[in-house]
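Values in this document were obtained by computation on a predicted structure and should not be read as measured data.
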Amino acid sequence: MLTKKQYELLVFIDNRLKSTGVSPSFDEMKEALNLKSKSGIHRLITGLQERGFIRRLPHRARALEVLRLPGNLEEPSPPPSGFTPTVIRGDFRHALPGAAVMVESGAVYLPLYGKIAAGTPIEALRDAAITVEVPAVMISGGEHYALTIEGDSMIDAGILEGDTVLIRRCDMAESGAIVVALVDEIEVTLKRLRRKGASIALEPANAKYETRIFGPDRVKVQGVLVGLMRSY
């Protein structure tokens, strides 16, 4: 379900695209919705993207495409022949917001949420406007996002600083899985999860670092590692 402002923005973008073929500027959207700042427009666009109503066209500034409209509005014109966008909608609660990913010509565009510590935990950065192109074969069903590794505590698991890790969103994981863990609602880190009775251990893969033990109410799984990309 869309908020009133999301609905108004979606209708405005769709009408402008149909009348001119060009996406409205952020200033135009801000004025049309009577908002005081462009940051509000950024949040609305992200919300529409998360819900699969629009997508940002990669490598093109100020380029938006309406994928669908609410049921009470006429559906937008079909995309060009030969292209059918596949949208996986997310709902990353707590530390990570939801985001859409798009499969196009064998590539998947995942939201890149910034750096995550593979050493001392840091808060995960969030910017749904940044995406990373991933081969579609690396992604199975479900909701995914990407993070950049900072630190060296997982080097013995083959995860190095600067690597881009691909994460499947979930809130449960088997003991022994490498997960994105939210600790005390503020810290996010990539570690191997071990269940020890009623406690949860977050294990590094580097002898320089110690395993941290927490009560089950202090750790929430944000996703499981499913892939890794590295640049040389």
Side-chain angles (χ1 to χ4, degrees), residues 1-114 124-136 139 141-147 166-169 223:
M1 180 179 297
L2 297 179
T3 66
K4 180 181 178 182
K5 287 296 184 183
Q6 287 173 339
Y7 181 90
E8 291 175 354
L9 181 59
L10 179 61
V11 172
F12 178 69
I13 293 171
D14 185 60
N15 288 340
R16 179 61 64 88
L17 286 172
K18 287 177 177 177
S19 62
T20 69
V22 179
S23 302
S25 68
F26 275 76
D27 283 328
E28 291 170 333
M29 289 186 275
K30 178 172 68 73
E31 292 177 5
L33 272 66
N34 195 28
L35 296 179
K36 295 182 179 179
S37 69
K38 293 181 183 179
S39 62
I41 295 297
H42 279 285
R43 288 192 293 270
L44 292 173
I45 287 178
T46 298
L48 290 171
Q49 187 179 5
E50 291 169 2
R51 290 160 177 79
F53 287 95
I54 65 173
R55 76 180 183 110
R56 304 171 194 257
L57 299 179
H59 314 302
R60 292 173 58 186
R62 218 186 87 183
L64 299 171
E65 179 182 10
V66 175
L67 300 177
R68 65 188 180 95
L69 294 170
N72 63 321
L73 294 176
E74 181 182 355
E75 289 297 317
S77 301
S81 177
F83 171 70
T84 302
T86 300
V87 179
I88 305 173
R89 288 175 292 278
D91 180 21
F92 301 102
R93 289 177 286 269
H94 306 301
L96 299 173
V101 299
M102 296 150 286
V103 179
E104 180 179 333
S105 302
V108 179
Y109 294 91
L110 297 182
L112 179 63
Y113 285 123
L125 302 177
R126 297 178 291 181
D127 188 348
I130 302 176
T131 60
V132 60
E133 185 175 343
V134 177
I139 300 297
E143 304 159 355
H144 296 76
Y145 57 93
L147 293 164
L166 311 179
I167 306 296
R168 177 175 55 84
R169 195 274 182 192

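Here Ser37 contributes atom OG and Phe26 contributes atom CZ; the two are 11.5 Å apart, rounded to the nearest 0.5 Å. Atom CD1 in Ile167 sits 14.0 Å away from atom CD in Glu143 (nearest 0.5 Å). Taking CZ of Phe12 as the start and CD of Glu31 as the end, the distance is 8.5 Å to the nearest 0.5 Å. Rounding to the nearest 0.5 Å gives a distance of 7.5 Å between NZ of Lys38 and NZ of Lys30.
Using a 4.5 Å cut-off on side-chain heavy atoms (C-beta onward), Leu67 and Ile54 make no contact. Val22 places none of its side-chain heavy atoms less than 4.5 Å from the side chain of Leu17. Annotation: side chain of Leu110 is not in contact with side chain of Tyr145 (no heavy-atom distance under 4.5 Å).
Between Pro24 and Ile13 the shortest heavy-atom distance is CG-CG1, 4.1 Å. When all heavy atoms are compared, the tightest approach of Leu35 to Gly40 is CD1-C, 4.2 Å. Across every non-hydrogen atom of Leu10 and Arg68, the tightest pair is CD2-O, 4.1 Å.
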| request: Start with the C-alpha gap between His42 and Leu44, add the side-chain angles, then the distance that decides, and say whether side chain to side chain contact (heavy atoms under 4.5 Å, CB included) holds. | output: CA-CA 6 Å; His42 279 285; Leu44 292 173; over 6 Å; no
Check your understanding: Step by step, would you call Gln49 with Arg56 a side chain to side chain contact (heavy atoms under 4.5 Å, CB included)?
Key -> CA-CA 8 Å; Gln49 187 179 5; Arg56 304 171 194 257; 3.1 Å; yes
**Message:** Could you walk me through whether Leu64 and Leu48 satisfy the side chain to side chain contact (heavy atoms under 4.5 Å, CB included) test, starting with their C-alpha distance in whole Å, then the side-chain angles of each, then the deciding distance to 0.1 Å, before giving a yes or no?
**Reply:** CA-CA 11 Å; Leu64 299 171; Leu48 290 171; over 6 Å; no
- Quick one: do Gln6 and Leu9 satisfy side chain to side chain contact (heavy atoms under 4.5 Å, CB included)? Show the steps, please. CA-CA 5 Å; Gln6 287 173 339; Leu9 181 59; 5.9 Å; no
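The backbone N or O of Leu33 lies less than 3.5 Å from a partner atom in the side chain of Lys5, making a donor-acceptor pair. In this structure, Ser23 contributes its side chain and Ala63 its backbone to no donor-acceptor pair below 3.5 Å.
Between Arg16 and Glu28, at least one side-chain nitrogen of the basic residue sits less than 4.0 Å from a carboxylate oxygen of the acidic one, meeting the salt-bridge criterion.
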